[in-house]
Protein chains: 2
Amino acid sequence: MKRIDHLDRQILQILQDDGRTPYTEIAHQLKISEGTVRSRISRLLHDGVFEFVIRTDPVKLGLNVQTIIGLNTKLGLQQQVAEELSQLPEVRFVGAFSGKHDLIIQAFFYSNTELIHFVNERLSRIEGILGADVSLELRQYKDSFSYVREDEVAINEKG
Amino acid sequence: MKRIDHLDRQILQILQDDGRTPYTEIAHQLKISEGTVRSRISRLLHDGVFEFVIRTDPVKLGLNVQTIIGLNTKLGLQQQVAEELSQLPEVRFVGAFSGKHDLIIQAFFYSNTELIHFVNERLSRIEGILGADVSLELRQYKDSFSYVREDEVAINEKG
DNA sequence: TATGAAACGAATACCAA
DNA sequence: TTGGTATTCGTTTCATA
């Protein structure tokens with residue numbers, strides 16, 4: 001995989017704001033040709049650096065109950081638990097972490113009833129879960145995917 | 001805002017997989033006209049139900065250190081702290097929660113050095129933060145934005 | 001269904017190793 | 001001279017009225 005250079009990052013920054021910005025418009029903004037934009041985007045897509053998606057508003061879809069759940073798992077069963085959780089449609093994110101919880105997941109529900117059902121019925125039936133700390137989202141301040149920064153190394157190992 | 005119906009959800013499901021699926025292709029898959037697809041997408045965009053974005057792979061951009069940080073804040077200063085955190089480019093997500101932590105954030109860094117710098121320099125200077133539990137992501141199992149489900153109410157208030 | 005805009009494929013030009 | 005990248009242009013596909 002070729003290294004991502006400054007021009008790639010500039011293209012990504014524009015697409016972060018609007019995933020539908022035409023190649024011609026990107027080319028114009030960056031003062032390069034449309035072909036360059038196209039070939040770079042093809043390469044970045046091919047290398048899996050990014051993909052075109054849509055971001056839906058969970059609340060507008062009726063998913064009013066948003067949670068982050070920290071889980072502790074039995075030694076040796078963490079991966080299996082993580083994989084089972086990943087199958088569930090309510091679960092958006094699953095990661096293994098160091099820290100107070102072995103696994104942290106993010107899950108969305110249509111109602112508190114559905115959340116309770118999830119914890120009592122779904123989680124309780126997964127072998128290897130020792131405990132679950134449910135945090136209920138009261139307010140969201142930021143949920144951005146614009147994390148492409150101009151330069152890779154802001155603070156290097158000596159900083 | 002008009003209610004989101006089954007057909008809207010089907011359109012969103014297709015776009016979740018590929019945000020650039022042509023209207024004609026969506027129309028063909030759902031056996032409806034292209035005009036219907038277009039008018040529905042316009043309405044959904046207008047209502048803020050979804051937006052076209054790109055999803056970049058943080059690791060491929062060099063953001064190898066991914067964290068979830070739980071914060072406790074001084075009474076009365078939570079909102080101010082949340083807003084300050086939202087300004088920081090390293091921070092992707094900020095939410096207020098009920099549970100063990102008042103605020104939960106997700107942040108990405110280029111290196112452990114940058115993470116340490118963030119905690120010691122950035123966080124420590126924000127007034128109102130009482131404590132921070134840093135969880136370091138060791139492995140990611142799922143990070144999906146495909147949370148549009150076929151039907152809104154899987155389990156209703158009586159279920 | 002027609003019109004303009006955007007995306008695409010392929011040939012060519014450029015540049016640096 | 002060669003491999004990689006940028007440009008250009010003709011064609012096709014798409015969005016839109």
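Chain letters run A, B, ... following the sequence lines, proteins first, then strands; residues in each count from 1. Computed over heavy atoms, backbone and side chain alike; hydrogens, waters and symmetry mates excluded. A quick note: this is a predicted structure, and the numbers were derived from the prediction, not measured.
Side-chain N/O atoms of B/Y23 include none lying less than 4.0 angstrom from OP1 or OP2 on D/dT13.
Between A/K2 atom NZ and D/dA6 atom C1' the separation is 13 Å, expressed in whole Å. The interatomic distance linking A/H46 (NE2) with D/dG4 (P) rounds to 14 Å, in whole Å. At whole-Å resolution of the value, CZ in A/R20 and C1' in C/dA5 are 13 Å apart.
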List the atom pairs, with distances to 0.1 Å, where a side-chain N or O of residues 41-51 of chain B and a protein N or O form a donor-acceptor pair under 3.5 Å, not counting sequence neighbours.
| unit_1 | atom_1 | unit_2 | atom_2 | d |
| --- | --- | --- | --- | --- |
| B/S42 | OG | B/R38 | O | 2.9 |
| B/R43 | NH2 | B/D8 | OD1 | 3.1 |
| B/R43 | NH2 | B/D8 | OD2 | 2.5 |

Acceptor/donor pairs from residues 76-83 of chain A side chains to any protein atom, 3.5 angstrom cut, sequence neighbours excluded:
| unit_1 | atom_1 | unit_2 | atom_2 | d |
| --- | --- | --- | --- | --- |
| A/Q79 | NE2 | A/E83 | OE2 | 3.1 |

Using the salt bridge (Lys or Arg N to Asp or Glu O under 4.0 Å) rule, take B/E90 and B/R122 through it: C-alpha gap first, then chi angles, then the decisive distance, then the call. CA-CA 11 Å; B/E90 302 89 341; B/R122 283 255 156 82; 2.7 Å; yes

CA sep, side-chain torsions, deciding dist, call: B/D143, B/R55, salt bridge (Lys or Arg N to Asp or Glu O under 4.0 Å): CA-CA 11 Å; B/D143 188 11; B/R55 188 171 137 51; 3.6 Å; yes

Determine whether A/D5 and A/R40 satisfy the following criterion, salt bridge (Lys or Arg N to Asp or Glu O under 4.0 Å), listing intermediate values before the conclusion. CA-CA 10 Å; A/D5 68 14; A/R40 291 204 171 226; 2.7 Å; yes

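Side-chain contact between A/H101 and A/I104 is present, with heavy atoms from C-beta onward closer than 4.5 Å.
Among residues two or more places apart in sequence or in another chain, the side chain to side chain donor-acceptor pair (under 3.5 Å) test is passed with A/T67 by none. Listed by chain and number, the residues in a side chain to side chain donor-acceptor pair (under 3.5 Å) with B/Y147 amount to none (sequence neighbours excluded).
Using a 4.0 Å cut-off on heavy atoms, none of the residues of residues 25-43 of chain B approach DNA chain C.
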Would you give a per-nucleotide map of nucleotides 11-17 of chain C, 5' to 3', where B means the base has a protein non-hydrogen atom under 4.0 Å away, S means only the sugar-phosphate does, and - means neither? -------

